[in-house]
Amino acid sequence: MTQRLGDTPSAHHPSTRRTRTAPEPVCQWRLLRSRQREPRHDRSDRDDSRDEGVAEQRIAVDADQDGPGGRLQPLREDGQPADRPERVRDLAAAMAEREYAQHPRWVWAATEDVYPRLLPRLPESRLGRCHDAKLVEPLLLAHEGRYGEPRSLGAAWARLQGLPVPEDLRLGLAEAESDAHAQDALFAPDRSRLGPGVDPLTALVAVHAEQQRRLAALPEPTRRGLRLLSAAESAGGLVAAELTYDGLPWSTEVHDALLEELLGSRPTTAQAAGGARPPKLAALAVELQDALGGRPLNPDSPGQVLRAFAEQGVSLQSTRNYLLRQVDHPAAPLLLRYKELSRIYAAHGWAWRDAWVRGGRFRPEYVVGGVVSGRWASRGGGALQIPRILRGAVVADPGWRLVVADAGQLEPRVLSALSNDPGLIRAGAAGDLYAGLAADAFGGDRARAKLGLLGAMYGQTSGEVGPLLAVLRRRFPQAMGLVEAAARTGESGGVVESRLGRLCPPPSASWQEAGFAEPSPSGELGEDRTGSAARSRGRFTRNFVIQASAADWALALIAALRRRLGEIPPGPDGARPRLVFFQHDEIVVHSPLPLTGTVAAAVAASADEARRLVFGDTPVRFPMDTHIVERYADAKDGGDAQDAEADEDEGY
DNA sequence: AACTAACGCGCC
DNA sequence: AAAGGGCGCGTTAGTT
């Protein structure tokens with residue numbers, strides 16, 4: 001039995017745990033201690049070989065508000081103090097020492113408040129694992145029927161004490177918390193939200209013990225899932241802070257070259273302030289104006305553009321790209337090109353770079369669990385929306401490479417594993433799931449197979465998808481049954497959950513009061529509107545079970561990969577591979593060239609580990625498309641390999 | 001002038 | 001007949 005993810009023993013099958021737990025914990029304790037004294041890189045299989053049932057050592061951490069010191073409080077796994085708290089003058093050094101000797105799980109109020117300050121002062125090996133009380137709290141609250149309550153240590157402490165949750169935390173929740181984040185400068189500890197006179201370490205220890213108790217009180221299999229999810233979410237906190245700290249390699253030179261090629265030379269500051277466009281954009285604007293009758297036209301104004309098209313005899317509902325592509329008028333392609341370039345200029349041009357790239361690294365902030373499905377969000381710089389056309393600017397350092405890997409066709413594979421649908425499992429077994437689906441049920445038409453399955457996962461019923469759904473229902477009844485059951489649950493006001501037990505939000509109060517409807521602008525609640533709101537929620541819950549379970553898997557993936565990367569012995573110059581990008585189902589590792597093979601193997605092993613942890617003994621595989629490249633853009637085939645023929649395994 | 005809503009599009 | 005999930009961010013257009 002393997003122990004992965006740097007995780008709680010409870011992540012294992014209960015049967016296995018029971019058989020191992022019974023005999024002499026003391027002996028196991030000694031065994032563990034002696035093993036842990038070995039240098040980290042000499043015990044790369046530490047977690048695999050760790051005996052189950054041995055109490056995990058935890059240490060609560062309270063960093064001083066200012067200065068390098070802090071307090072450490074050893075805890076038992078159930079959260080009860082195991083020793084007296086200790087004040088240390090150099091918190092990072094003290095933690096590094098204990099990390100090496102004991103490999104504890106660090107318990108703190110919020111990784112985002114503590115870890116960024118520690119990172120520059122920690123050795124390259126960093127910390128192994130943690131329990132982030134602020135990330136675990138909402139996972140538990142949802143299971144207690146208190147979805148969306150404030151999650152910070154201050155709020156959790158108030159609930160624990162039976163005190164009213166502070167008003168600023170109760171109002172607007174996310175807003176209050178993010179405002180606090182903004183105004184408290186960079187890394188103000190979350191404990192500032194405790195009431196006056198409350199010892200932050202006392203509150204943390206109590207809240208953590210209570211969280212452990214609440215986890216233990218959950219029924220199986222929810223308990224196992226939520227413990228695993230809590231550990232994975234906490235690991236995500238570590239990864240997120242490290243992604244920001246290490247940064248994504250970004251070549252100003254290449255970015256400049258790309259921008260010049262697309263837009264022309266950069267406008268001066270004064271020109272830009274005066275609203276001047278870069279040369280190629282300005283030229284396009286003139287061309288477009290001429291093509292639309294020659295009157296003054298702001299191509300950025302949808303209203304003006306629509307009117308101009310109307311004067312040309314072209315009737316358009318909006319200026320959306322997919323509509324413009326169908327328009328047979330010389331202005332249409334010009335406008336499409338203008339919009340494409342204009343967006344690059346505005347969203348990822350020189351101004352963006354000035355704001356977000358420093359010292360050859362793009363350092364966005366990542367928001368763990370920022371999406372209700374458990375996907376991450378980002379803050380600043382549009383980290384999760386880097387246009388493909390600019391990915392050439394992500395360039396490895398000299399002597400380094402990027403190991404770019406994405407989980408191909410992740411969501412349909414997740415549906416496959418969730419539903420255990422034999423037909424869908426067979427379709428995905430050979431590699432290209434959509435091709436297998438096409439061969440099985442769509443007469444070899446891969447495009448239709450893909451369209452149908454995506455429609456089933458998103459709740460689409462219109463257009464050409466309708467008939468495809470009928471085929472899917474007949475041939476893949478278990479898979480379709482699962483998503484349709486999720487939709488029905490949502491439509492009737494219920495909640496659904498991910499594989500590991502992340503719950504979707506309940507319907508809003510207004511939705512419920514209105515009898516599953518939203519008031520129409522006129523205040524009427526017609527039958528149509530009632531049905532429309534219900535169906536909308538059905539589409540949400542239908543997709544949630546898949547998207548959130550995919551997020552479970554991805555979180556397990558990065559947690560495993562982080563641990564495995566840490567176990568790779570550094571190069572002779574001490575250089576280590578670092579995870580530098582994570583986007584839903586895709587990762588980028590910046591690695592010294594000689595280590596790239598080991599990194600690629602770690603990626604594959606992590607994907608399989610995530611499969612096992614999240615989906616148990618499913619026959620479904622989650623293959624990673626892995627490319628070792630100098631530039632991110634060279635790892636084409638990212639996302640879904642659909643239309644990009646067979647271009648596998650190049651780049652090695 | 002400052003704010004908000006709606007839109008549109010980048011990514012998955 | 002039709003009614004595709006989740007985000008961040010920049011724009012215009014409308015409001016205060």
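As the structure is a prediction and not an experimental result, all values here were calculated from the model. Lettering of chains follows the sequences in order, A, B, ..., and the numbering in each one begins at 1.
Residue ring and base: Tyr458(A) does not count as stacked with dG4(C) (centre distance below 5.5 Å and interplanar angle below 30° not both satisfied).
For Ala346(A), the side-chain atoms get nearest to dG10(C) when compared with the rest of dG8(B), dG8(C), dG10(C). With distances taken from any side-chain atom of Arg539(A) to the nucleotides dG4(C), dG8(C), dC12(B), the minimum falls on dG4(C).
When heavy atoms are screened at a 4.0 angstrom cut-off, Gly381(A) is found touching the sugar-phosphate backbone but no base atom. Within the nucleic acid shown, Gly455(A) has no heavy atom closer than 4.0 Å to any nucleic acid atom. If you check every strand for non-hydrogen atoms under 4.0 Å, Gly466(A) touches nothing.
Within the 4.0 Å cut-off from OP1 or OP2 of dG6(C), not a single side-chain nitrogen or oxygen of Asn543(A) is found. For dT12(C), one of the phosphate oxygens OP1 or OP2 lies less than 4.0 angstrom from a side-chain nitrogen or oxygen of Asn298(A). Contact annotation: Ser301(A) reaches the phosphate of dA13(C) (side-chain N/O to OP1 or OP2, under 4.0 Å).
Listed by residue number, the members of residues 332-344 of chain A with any heavy atom below 4.0 angstrom from DNA chain B are Lys339(A), Arg343(A).
Scanning atom types as modelled, no donor and acceptor separated by under 3.5 angstrom connect the side chain of Gln547(A) and the base of dG6(C). Arg375(A) contributes a side-chain N or O that forms a donor-acceptor pair with the base of dC12(B) under 3.5 Å.
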